[in-house]
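All remarks here apply to the structure that follows.
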Amino acid sequence: MSQDIWNAVDSYFLSKLMPPDEALEEALRASEEAGLPRIQVSPAQGKLLHLLARVHGARRILEIGTLAGYSAIWLGRALPKDGRLISLEIDPRHARVALANINRAGLTDVVEIRLGRALDLLAVLADERQEPFDMTFIDADKGSNPDYFEWALRLSHLGSVIVIDNVVRAGGVADPANDSPEVVGVRRLVDLMAAEPRVTATAIQTVGLKGYDGFAVALVVDEIEPEAAT
Ligand code: SAH
Ligand code: DHB
Ligand code: MG
């Protein structure tokens, strides 16, 4: 069992369940053409995010790590017309490609890309005291996952869902010899989720076009107290 069969099965489901889609395909083409890394979620994963957002009735979504806007298109399409997806991206080149892709997908009014270090932008978001997010997708530099999780929690409400991509990393998370910053970031994230009484969480291993990896899902099960103004 390996990559060839995983690809074939992903392609099979793709051909049956995800009809050809101009905006998504164009987004991938533009990303490729601009030389961006090919690390966006797979079509099946993108559709899962989309379905999760719809099942949840999300109106406000936060994404950390935009890249070319591929996952943002899937998530943005799950929102009602007056919904909002705020996506954070550090690389201006990525943000530029993403903005064009979002516009082509007809999501200009729903998706907002903010440029900068996610940790800085998250502090700004907290200062703005906007409504909390119903859903957060964490998919940026994996070493910062623990910080991103803490911020996502602060910006959540009872019932919000937090999804974290790439928590398996070809099994690295359970390999005691692997102490890369990415894997350490994931383990610290998992420890945080385990110790945090305000969430209940699981993690799912996946195979497919993105190799062997996985994602975690946390549900906020307690009130998040609004912070006192400073
Ligand atoms: N969610 C996207 C993929 C994101 S790839 C999709 O599935 O389509 C990770 C992105 O996070 C990259 O574009 C990278 O530039 C961005 N990133 C890395 N470190 C960051 C940081 N500190 N702050 C904000 N974005 C960051
Ligand atoms: C990498 C990052 C991702 O977000 C992903 O889905 C796959 C790989 C990476 O940095 O290697
Ligand atoms: Mg990812």
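Every number for a ligand or one of its atoms is a count from 1 in the order of the listing. Please read all numbers here as calculations on a predicted model, not as lab measurements.
- Ranking the protein heavy atoms by distance from atom 3 (C) of ligand 2 puts N166 OD1, 3.2 Å first.
- The distance criterion of under 3.5 Å between nitrogen or oxygen atoms is not met by D213 with respect to ligand 2.
- By the 4.5 Å heavy-atom criterion applied to side chains, I86 and Q130 are counted as neighbours.
- At under 3.5 Å, a nitrogen or oxygen of I90, whether backbone or side chain, sits near a nitrogen or oxygen of ligand 1.
- By heavy-atom distance, the residue among D139, D165, I39, V41 lying nearest atom 4 (O) of ligand 2 is D139.
- The minimum distance between the Mg ion (ligand 3) and any N, O or S atom of D139 involves atom OD1.
- The heavy atom nearest to atom 11 (O) of ligand 2, considering only R38, K142, R169, Q40, is found in R169.
- At a 3.5 angstrom cut-off on N or O pairs, H94 counts as close to ligand 1.
- Considering backbone and side-chain atoms together, G65 places an N or O closer than 3.5 Å to an N or O of ligand 1.
- Judged by the shortest distance from any of its heavy atoms, G116 lies inside the 4.0 Å radius around the atoms of ligand 1.
- Residue-to-ligand polar distances place E89 within reach of ligand 1: an N/O pair is separated by less than 3.5 Å.
- Considering backbone and side-chain atoms alike, I39 places every N or O at 3.5 Å or more from each N or O of ligand 1.
- Side-chain polar atoms of Q40 and S31 form no donor-acceptor pair below 3.5 angstrom.
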